[in-house]
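For reference, the structure discussed in these notes is given below.
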Amino acid sequence: MLSEELLNKLQEHINYFPRKEQAILLCLHEVQDYYGHIPPFALEEVAKLLGVPLNHVENVVSFYDMFDRGEPARHRIRVCVSVVCNLMNSKKVLDAFRELLGIGLGQTTKDGRFKLIGVQCIGACSEAPCFMIDNDIYKYEGKEKLHEVLSKYS
């Protein structure tokens, strides 16, 4: 069951659009922000609120790599591994995070603070190679700079 606070936020998104189902992405983002991932029970609740079949919500969540159904984390680090970032050596970004955090792709740090995710595009090709922490985009400027960036997310 979704909390009253979360339900109110979802209802605000639903009320904004002429058709309820148009709020699906905003609702899923709210759920993920609230729980740190999208738990299975929330998929069903969102489907009911929007008046769409459960498999439609599941398909949206599985299509977009911005949604996470796995282990929750307080902060999601998304490293772009698209063609452009790959050509600009996004591997060094992944390697730096692996070394600093002691985790691989799809894993969460033991303290639940960070989860490392590889994504196809974050829409910042001019900054390649780049990464996101939550909704903030960063240009990779070396391993030393990552300590400073990560310290903002305690």
| field | Same apolar cluster: I77 and Y35, side chain cutoff 4.5 Å | value | no
| message | Do the side chains of K145 and E148 get close enough for a salt bridge, i.e. N-O under 4.0 angstrom? | response | yes
| query | Same cluster or not: are V31 and F17 linked, directly or through other Ile, Leu, Val, Met, Phe, Trp or Tyr residues, by side-chain heavy atoms under 4.5 angstrom apart? | reply | no
| Would you say the side chain of F114 lies within less than 4.5 Å of the side chain of F97, judging by non-hydrogen atoms? | no
| query | Has K139 got more than 12 heavy atoms of other residues, nucleotides or ligands less than 6.0 Å from its NZ? | reply | yes
| Transitive ILVMFWY side-chain link Y138 to I122, under 4.5 Å | no
| message | Going by side chain to side chain donor-acceptor pair (under 3.5 Å), name the residues that satisfy it together with K92, two or more places apart in sequence or in a different chain. | response | none
| query | Below 4.5 Å, heavy atoms only, C-beta onward: do H56 and I24 meet side chain to side chain? | reply | yes
| message | Could you report the tightest heavy-atom contact between F131 and V93, atom names first, then the distance? | response | CD2-CG1, 4.1 Å
| Is there a side-chain contact between V149 and Y140, using heavy atoms and a 4.5 Å cut-off? | no
| request: Test L25 against F67 for side-chain contact (heavy atoms from CB on, under 4.5 Å), laying out the working first. | output: CA-CA 10 Å; L25 293 177; F67 296 122; 3.9 Å; yes
| Atom pair CG/OH of L7 and Y34 - distance to nearest 0.5 Å | 9.0 Å
| Distance from S126 atom OG to M88 atom CE, nearest 0.5 Å? | 10.5 Å
| request: Give a yes or no on whether E141 atom CD has more than 12 heavy-atom contacts from other residues, nucleotides or ligands under 6.0 Å away. | output: yes
| request: Any pair with a residue in residues 105-125 that passes salt bridge (charged side-chain N to carboxylate O under 4.0 Å, His left out), sequence neighbours left out, goes on the list, sorted by first then second residue, please. | output: D68-K115
| How many angstroms lie between atom CG of L101 and atom CG of L150, to the nearest 0.5 angstrom? | 5.5 Å
| Approximate separation, where rounding is to 0.5 Å, of T108 OG1 and H37 NE2 | 10.0 Å
| How far does CG of L116 sit from CZ of R76, to the nearest 0.5 angstrom? | 13.0 Å
| query | Quick one: CE on M66 to SG on C121, what's the gap to the nearest 0.5 Å? | reply | 10.5 Å
| message | Has S90 got a side-chain atom pairing as donor or acceptor with P129's backbone, closer than 3.5 angstrom? | response | no
| Any donor-acceptor N or O pair under 3.5 Å, side chains N15, Q11 | yes
| Hey, any chance V81 and L100 share a hydrophobic cluster, counting ILVMFWY side chains that come within less than 4.5 Å of each other, even indirectly? | yes
| Can you name the nearest heavy-atom pair linking I137 to M132, along with the distance? | CG1-CG, 3.6 Å
| Among K20, E21, Q22, K9, side chain to side chain contact (heavy atoms under 4.5 Å, CB included) partner for I14 | K20
| field | Minimum heavy-atom distance I38-L28, with the two atoms named | value | CD1-O, 3.9 Å
| Which heavy atom in R78 sits nearest to a heavy atom in D134, and how many Å separate them? | NH1-O, 2.9 Å
| task | Check L105 against I117 and note the closest heavy-atom contact, atom names and distance. | result | CD2-C, 3.7 Å
| field | Within 6.0 angstrom of N8 CG, more than 12 heavy atoms from elsewhere | value | yes
| request: Check the hydrophobic clustering (I, L, V, M, F, W, Y; side-chain heavy atoms under 4.5 Å; chains of links allowed) and say if V52 and L49 are grouped together. | output: yes
| message | If you apply the rule side-chain contact (heavy atoms from CB on, under 4.5 Å), what do you find for I133 with K152, and how did you get there? | response | CA-CA 10 Å; I133 300 180; K152 297 177 186 177; over 6 Å; no
